Amino acid sequence: MTDEIRVVIADDEEGMRMILRKMITRAEGFTLCGEADNGPQLLELVERYKPQVCFLDVEMPGMTGLECARSIQDADPRIILVFATAHDDYMAQAFEMYAFDYMVKPFKVERVMKTLERIREVTRERRQSAQAEHMPHALPARGVASGRIMLHHKEGVNFVNQADILLVQRENRSTVLYATGGRRFETSEALGDVEARLDPKIFFRCHKSYIINLNVIDSITPYGRWTYVVHLVGTNQDALITHEKYEELEKLFS
């Protein structure tokens with residue numbers, strides 16, 4: 001089914017892959033696309049299948065799970081990362097990678113099923129947001145942004161009014177700007193370089209992979225244990241925000 005959630009798993013232990021395989025195939029709404037026993041093979045699966053969810057171990061041959069997570073996040077920060085590992089001492093680093101969950105082996109079936117249910121809920125909300133994009137939106141009044149920015153890309157340059165920019169994010173190792181009217185601009189410039197040219201009174205770096213327009217925030221909902229999803233008016237794209245940045249955002253609006 002096209003609506004099923006694509007999953008890949010990576011663990012150098014065949015027994016653990018078998019356990020995860022059984023749980024994922026048993027869960028309604030999920031399709032297991034592939035399995036890897038090392039880091040480089042996991043990245044190949046991610047590139048081939050474009051999964052929505054990755055279950056991965058921390059210690060794997062070739063590349064660690066944390067190294068893989070950084071690469072996956074840079075390619076597509078929307079991929080849900082679930083660490084399943086015997087090592088609880090990597091938990092803090094995993095959540096710095098904005099992991100959705102961190103499960104310490106041995107874990108119970110109920111623990112995995114609860115995580116899968118939460119993933120189903122997040123995915124359902126994303127699909128509903130995408131469907132709502134086809135309905136008319138009334139954008140809130142925005143503050144005055146200073147000037148325009150020039151974006152370089154392989155075909156030339158684009159000039160974009162800052163007030164029209166809704167979201168800036170890392171995507172497939174490029175920086176992408178989403179603007180009013182469904183417009184999308186892609187550049188090879190680093191996210192930090194684009195951020196440096198944006199008005200800090202309007203734009204907020206909520207995550208290592210996202211910059212949001214403060215004036216078009218619609219709502220914020222929980223994502224992982226210490227992460228939230230920011231829903232924006234005028235686009236079906238959303239952003240992640242860390243707990244620390246969420247607290248910073250609260251102060252801005254207080």
Side-chain angles (χ1 to χ4, degrees), residues 5-13 16-17 20 33-105 115 119 122-123 126 167-177 186-196 204-212 223-230 237-246 248:
I5 301 166
R6 299 181 304 280
V7 184
V8 297
I9 59 178
D11 197 301
D12 58 347
E13 296 181 10
M16 182 51 59
R17 294 201 308 275
L20 290 172
C33 297
E35 301 179 22
D37 60 11
N38 60 72
Q41 188 179 18
L42 169 60
L43 298 185
E44 291 177 7
L45 292 177
V46 170
E47 181 67 26
R48 183 187 314 163
Y49 294 111
K50 305 291 191 272
Q52 290 140 296
V53 183
C54 288
F55 281 81
L56 66 163
D57 194 3
V58 173
E59 293 189 350
M60 295 188 295
M63 292 177 68
T64 69
L66 295 173
E67 291 170 334
C68 289
R70 292 188 185 97
S71 181
I72 292 168
Q73 282 275 302
D74 189 44
D76 185 354
R78 292 170 60 88
I79 293 177
I80 293 172
L81 301 176
V82 178
F83 285 87
T85 179
H87 308 280
D88 59 2
D89 48 338
Y90 293 105
M91 186 178 296
Q93 295 178 65
F95 281 112
E96 286 177 3
M97 296 294 103
Y98 309 108
F100 184 84
D101 203 354
Y102 191 101
M103 301 185 300
V104 180
K105 305 171 187 176
T115 295
I119 291 172
V122 168
T123 305
R126 287 178 174 177
L167 168 70
V168 187
Q169 72 174 46
R170 290 293 295 173
E171 186 176 316
N172 296 323
R173 297 178 178 82
S174 297
T175 297
V176 178
L177 286 77
E186 185 172 337
T187 176
S188 59
E189 296 181 52
L191 190 66
D193 292 338
V194 175
E195 179 186 15
F204 181 72
R205 181 76 172 264
C206 59
H207 178 286
K208 71 181 183 69
S209 299
Y210 295 97
I211 302 168
I212 55 175
Y223 175 72
R225 289 178 60 182
W226 297 318
T227 313
Y228 305 88
V229 178
V230 183
Q237 302 293 320
D238 50 36
L240 296 181
I241 183 170
T242 64
H243 182 71
E244 292 78 10
K245 287 292 185 177
Y246 177 78
E248 189 177 331

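Just so you know, these numbers use all the heavy atoms, side chains as well, and skip hydrogens, waters and symmetry mates. Because the structure is a prediction, the values reported are computed rather than measured.
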Item checked: K245 with E248: basic N within carboxylate O range, under 4.0 Å -> yes

Notebook entry, point to check: T175 pairs by side chain to side chain donor-acceptor pair (under 3.5 Å) with which of E189, R170, Q169, E195?
Noted result: R170

Margin query: Parallel, tilted or perpendicular: which one describes the rings of Y210 and H207, with boundaries at 30° and 60°?
Written below: perpendicular

Notebook entry, point to check: Are any non-hydrogen side-chain atoms of L240 and V229 less than 4.5 angstrom apart?
Noted result: yes

Item checked: Contacts of type side-chain contact (heavy atoms from CB on, under 4.5 Å), residue K50, not counting sequence neighbours -> R6, E47

Next item on the list: Please check if the side chain of N172 supplies one atom and the backbone of S174 the other of a donor-acceptor pair under 3.5 Å.
Entry: no

Check: Do you know which two heavy atoms are closest between R205 and G192, and how far apart they sit?
Finding: NH1-CA, 4.1 Å

Note to self: Checking E59 now: which residues fulfil side chain to side chain donor-acceptor pair (under 3.5 Å) with it, not counting sequence neighbours?
What the structure shows: H87, Y90

Margin query: Ignoring hydrogens, what is the shortest heavy-atom contact between A86 and K105? Give both atom names and the distance.
Written below: N-CD, 3.7 Å

Notebook entry, point to check: So do the side chains of E35 and L20 get within less than 4.5 Å of each other, counting heavy atoms only?
Noted result: no

Notebook entry, point to check: Which atom names give the shortest non-hydrogen contact between F100 and T115, and what distance separates them?
Noted result: CE2-O, 4.1 Å

Could you tabulate the donor-acceptor pairs under 3.5 Å formed by side-chain atoms of residues 39-46, not counting sequence neighbours?
from, atom 1, to, atom 2, distance (Å)
Q41, OE1, D37, N, 3.1

Next item on the list: Check L191 against S209 and note the closest heavy-atom contact, atom names and distance.
Entry: CD2-C, 3.6 Å

Notebook entry, point to check: Under a 4.5 Å cut-off applied to non-hydrogen side-chain atoms, are D11 and F55 in contact?
Noted result: no

Check: Do D238 and R78 have side-chain heavy atoms sitting under 4.5 Å apart?
Finding: yes

Next item on the list: Please name the pair of heavy atoms, one in Y223 and one in I79, separated by the smallest distance, quoted to 0.1 Å.
Entry: OH-O, 4.2 Å

